[in-house]
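First comes the structure, then the notes that go with it.
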2 protein chains.
Amino acid sequence: MANDKKKLVEAITSMEDDFAQWYTDVVKKAELIDYSSVKGCMIIKPAGYGIWENIQKELDIRFKETGVENVYMPLFIPESLLQREKDHVEGFVPEVAWVTHGGLNELQERLCVRPTSETLFCDFYHDLIQSYRDLPKLYNQWCSVVRWEKETRPFLRSREFLWQEGHTAHATAEEAKERTIQMLNLYADFCEEVLAMPVIRGQKTEKEKFAGAEATYTIEALMHDGKALQSGTSHNFGDGFARAFEIQYTDKENKLQYVHQTSWGLSTRLIGGIIMVHGDDSGLVLPPRIAPVQAVVIPIQQRKEGVLEKAKEICAALGKVCRAKLDDSDKSPGWKFSEQEMRGIPVRIELGPKDIEAGKCVVVRRDTREKIEVALDELSAKLPQILETIQSDMFARAKAHRDAHIWDAHNYEELKEIAEHKPGFIRGMWCGEQACEDKLKEDFTVTSRCMPFHDQEQIADTCVCCGKPAHRLVYWGKSY
Amino acid sequence: MANDKKKLVEAITSMEDDFAQWYTDVVKKAELIDYSSVKGCMIIKPAGYGIWENIQKELDIRFKETGVENVYMPLFIPESLLQREKDHVEGFVPEVAWVTHGGLNELQERLCVRPTSETLFCDFYHDLIQSYRDLPKLYNQWCSVVRWEKETRPFLRSREFLWQEGHTAHATAEEAKERTIQMLNLYADFCEEVLAMPVIRGQKTEKEKFAGAEATYTIEALMHDGKALQSGTSHNFGDGFARAFEIQYTDKENKLQYVHQTSWGLSTRLIGGIIMVHGDDSGLVLPPRIAPVQAVVIPIQQRKEGVLEKAKEICAALGKVCRAKLDDSDKSPGWKFSEQEMRGIPVRIELGPKDIEAGKCVVVRRDTREKIEVALDELSAKLPQILETIQSDMFARAKAHRDAHIWDAHNYEELKEIAEHKPGFIRGMWCGEQACEDKLKEDFTVTSRCMPFHDQEQIADTCVCCGKPAHRLVYWGKSY
């Protein structure tokens with residue numbers, strides 16, 4: 001048994017030795033993904049796709065509660081359509097895939113495989129929206145998009161990924177801004193409540209904002225290695241796209257007005273975030289609310305009379321209060337324990353002949369490895385509580401880790417010291433010049449992550465880079 | 001009011017005048033789709049996508065009950081991979097879209113946008129499956145696929161469509177065959193129970209089977225105009241793909257064996273089927289179990305005190321027993337009635353000041369237009385029954401229509417007479433020669449729809465086409 005377990009754990013590199021390799025090992029050994037014959041594209045296996053299904057389910061409910069409706073737009077964008085908004089096309093053209101042939105014929109116009117669908121939605125809205133009565137339009141789609149990245153990593157940067165993209169059109173600038181912030185807060189609450197992943201909410205700088213947006217808002221999470229992960233973004237387009245695509249409506253006074261638009265997206269990238277916030281040297285650790293399997297029942301000495309029957313009975317009962325599974329394969333219990341840990345299943349329930357005799361079982365928490373004896377007749381009542389405790393403990397731990405890795409830099413020297421030796425977010429004032437952002441990126445691969453909403457402390461009077469007067473606090477960091 | 005209503009109804013052609021135009025009018029006026037700037041690709045609007053979401057939800061539950069797990073495979077297939085199975089590549093190459101450039105560079109190898117994913121799953125299974133312990137693999141994916149059709153029609157034939165494709169691998173030929181039939185029956189039950197759409201279950205002939213399959217099974221539904229719609233297919237590949245892709249496992253005796261595979265798919269095409277089986281001259285008629293909105297509450301004289309409040313209260317209460325919606329827009333009630341009919345919402349609930357005084361409302365069935373007075377305090381209890389009655393009545397009507405349009409042809413002359421004058425399925429014996437299928441297609445655009453499972457009557461001794469001895473009953477028909 002001990003040997004079995006060792007083998008599976010040894011299959012992954014330790015986080016301290018090589019975080020990048022640990023990550024790659026976990027996504028593979030926890031069976032989240034497989035590499036495919038298509039360079040830079042991944043196969044999302046059931047254990048990985050199950051996480052995405054739960055993300056979809058939870059987010060979709062939250063979207064619909066705010067009036068959002070789902071639609072499906074074409075996969076392809078004609079080249080001429082992509083080129084209608086100047087900043088947007090410049091941002092995306094270097095990384096799109098082009099379809100040039102349909103069947104045996106060359107196409108008259110190239111089609112790009114959507115990297116994002118602003119242009120398609122705008123083209124659609126141009127015809128759809130006539131009057132103030134048609135507003136707002138609150139549409140979303142779940143789909144895959146393609147960006148021809150040179151360097152790829154599973155979930156984090158992939159040539160094709162799954163996401164949702166919301167696209168809304170409003171009568172006024174105020175409404176559009178409100179919706180942008182509303183969706184950012186929805187993302188943030190979702191990350192914190194469901195993924196146990198604390199995030200910083202804030203605004204991107206001009207340099208870092210989305211191609212074609214007036215303002216981009218972001219949630220930034222801190223990974224275990226101290227790097228930031230942009231985990232969701234929400235863009236306010238003002239009337240920029242509306243002017244490029246002539247999306248106008250007649251208002252109540254019968255005057256022609258441009259609509260104001262937003263878009264917001266969240267992707268399978270977030271699965272990379274879950275792994276890097278919660279994982280440990282034994283593999284994945286999934287927050288119960290997002291885990292496809294929340295509890296696995298592992299019978300001990302399962303060939304002994306009555307053990308498997310009892311395990312099945314317990315699993316069926318648990319199925320009513322959580323997502324439970326029985327592992328009755330012919331692997332050894334030690335191997336099964338090790339697999340449960342690798343896959344990050346929040347609890348395992350060990351049940352042997354002696355346990356059954358004593359009317360109890362042992363619940364083992366994945367996050368703390370704590371063993372909890374529970375009477376069999378109390379299991380269905382207690383397990384949901386245990387799962388909720390794990391969920392909140394995981395959030396608290398992730399938050400404590402994040403908060404312990406936020407450093408203040410009052411000047412360039414302090415920032416240099418932190419960037420070189422202390423992984424985490426760096427709080428530092430910024431003068432507003434892109435030159436300073438460029439310099440910090442060049443010198444330390446540190447970028448402005450966001451200008452946070454809830455932390456606008458004036459920690460110094462001068463820019464952390466150039467020393468000129470500064471009024472804006474920025475969270476800086478290395479990032480994925 | 002009467003005028004308003006007339007306007008919306010007049011917006012669609014009558015079925016008898018021009019069925020094809022009626023169909024096009026309905027998909028557009030019921031706001032199921034919109035045309036896009038991408039030729040042959042459609043925009044699926046909320047009312048259409050909502051139907052697909054319900055199809056997904058229902059099917060996904062049924063799939064998972066049989067042990068199926070969801071995955072996600074890449075959108076692209078390298079040309080060399082597509083070419084590994086000879087029949088398969090010949091079947092699909094004429095209608096695939098090719099990506100030749102990624103970003104600013106030409107690709108070394110062309111990638112096709114998946115028309116279906118057998119080759120990707122086989123490539124995946126080649127590495128994944130080693131031992132009998134790894135079997136069966138029961139994977140499915142929900143995605144979009146692309147086929148470069150020349151003539152397109154919304155839902156029925158589109159360059160991009162949404163579907164699910166299941167791909168399974170089994171240890172034995174028997175298991176693969178069982179799974180193929182199991183999934184076909186699952187599709188058929190789903191169509192009949194949820195979509196109220198009766199189907200004929202059967203096997204495709206050699207000519208009509210899927211490129212690369214050993215056997216293809218199909219469900220065939222009859223549309224209102226008497227044409228058949230292939231509504232779902234399930235393919236048994238035997239070990240053909242396994243041999244082409246070298247997918248082998250070691251069995252319990254440690255001998256190397258090829259796996260046996262299946263695939264099965266069902267698509268947004270089915271939405272076209274729902275429209276053409278149930279629709280009428282006022283628009284769409286949705287079976288309650290699949291309708292995104294099952295009941296719309298329409299207040300009469302909604303500006304009168306208390307009307308809107310009561311309507312909201314009733315809608316909130318109904319929300320607990322069905323998918324209910326309030327239409328409190330400033331359109332006239334007549335217009336709202338007409339919209340409810342166009343959109344195929346199973347019932348509308350009319351509620352005016354006098355109704356409220358009398359403590360009742362009027363429930364109007366979409367399918368029969370029957371008006372049912374219901375006491376307000378009994379509405380939540382009665383509405384689910386009314387919806388179930390509509391569901392079963394719709395199935396019975398569709399089945400009666402289908403059964404009234406099945407004709408027996410004992411020889412070529414009879415078949416000619418039916419093909420030219422009687423829309424519907426034609427029962428006719430077949431000798432087994434493809435030449436006869438080719439001739440009937442050439443002469444009457446009639447194709448073999450299937451060799452039915454549950455109807456193997458020997459209605460004649462000779463082939464309906466060539467007159468030679470024949471033992472197989474075939475359902476023939478014109479089709480979409």
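Keep in mind the model is a prediction, meaning the values are calculated, not measured. Numbered from 1 within each chain, the chains take letters A, B, ... in sequence-line order.
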- Task: Measure B/Glu160 against the heavy atoms of chain A and call it side chain, backbone, both or neither at under 4.5 Å.
- Result: side chain
- Message: Under 4.5 Å from any heavy atom of chain A, what part of B/Glu53 do you find: side chain, backbone, both or neither?
- Response: side chain
- Considering only heavy atoms, which portion of B/Val96 lies under 4.5 Å from any heavy atom of chain A: side chain, backbone, both, or neither? backbone
- Ranked by heavy-atom pairs below 4.5 Å to chain B, first place among A/Cys41, A/Ser37, A/Ala47 goes to A/Ser37
- Whatever's closer than 4.5 Å to a heavy atom in chain A on B/Trp98 counts as both
- Query: What part of B/Asp60 lies closer than 4.5 angstrom to a heavy atom of chain A: side chain, backbone, both or neither?
  - Reply: side chain
- Note on the structure: When the 4.5 angstrom heavy-atom criterion is applied to B/Phe92 and chain A, the contacting part is neither
- Query: When heavy-atom pairs shorter than 4.5 Å are enumerated against chain B, which of A/Gly50, A/Ala97, A/Pro74 gives the highest number?
  - Reply: A/Pro74
- Message: Looking at chain B, which one of A/Tyr139, A/Phe124, A/Trp142 has the largest number of heavy-atom pairs inside 4.5 Å, strictly under?
- Response: A/Phe124
- Query: For A/Lys64, is it the side chain, the backbone, both, or neither that has a heavy atom closer than 4.5 Å to a heavy atom of chain B?
  - Reply: side chain
- At a heavy-atom separation under 4.5 Å, does B/Lys331 approach chain A through its side chain, its backbone, both, or neither? neither
- Measuring from B/Ser144:OG to A/Leu75:CG, what's the distance to the nearest 0.5 Å? 5.0 Å
- Task: Apply side-chain contact (heavy atoms from CB on, under 4.5 Å) to the pair A/Asn105 and B/Trp148, showing each step before the final yes or no.
- Result: CA-CA 10 Å; A/Asn105 303 313; B/Trp148 219 252; over 6 Å; no
- What class does the angle between the rings of A/Tyr49 and B/Tyr72 fall in, given that below 30° is parallel, 30 to 60° is tilted and above 60° is perpendicular? parallel
- Report yes if some heavy atom in the side chain of B/Asp123 is under 4.5 Å from a heavy atom in the side chain of A/Ser36; otherwise report no. no
- Query: Taking 4.0 angstrom as the limit, do B/Lys39 and A/Glu109 come out as a salt bridge?
  - Reply: no
- Task: Take A/Thr100 and B/Val99, measure what side-chain contact (heavy atoms from CB on, under 4.5 Å) needs, and give me the verdict at the end.
- Result: CA-CA 6 Å; A/Thr100 57; B/Val99 173; over 6 Å; no
- Item | Most chain A-contacting option - heavy-atom pairs closer than 4.5 Å, from B/Val71, B/Leu107, B/Leu120, B/Leu128 | B/Val71
- Query: Is the CD atom of B/Gln56 crowded by more than 12 outside heavy atoms at less than 6.0 Å?
  - Reply: yes
- Using a cut-off of under 4.5 Å on heavy-atom pairs, state which of B/Ser329, B/Pro115, B/Pro94 scores highest against chain A. B/Pro94
- Task: Identify which part of B/Arg159 has an atom lying under 4.5 Å from any heavy atom of chain A, answering side chain, backbone, both or neither.
- Result: neither
- Query: Tell me, side chain or backbone of B/Ile33 under 4.5 Å from chain A's heavy atoms, or both, or neither?
  - Reply: neither
- Query: Does A/Pro46 offer a backbone N or O that forms a donor-acceptor pair with the side chain of B/Glu69 under 3.5 Å?
  - Reply: no
- Item | 4.5 Å side-chain heavy-atom contact, B/Ile44 and A/Asn70 | no
- Message: With rounding to the nearest 0.5 angstrom, report the CG to CD1 distance, A/Asp127 to B/Ile43.
- Response: 8.5 Å
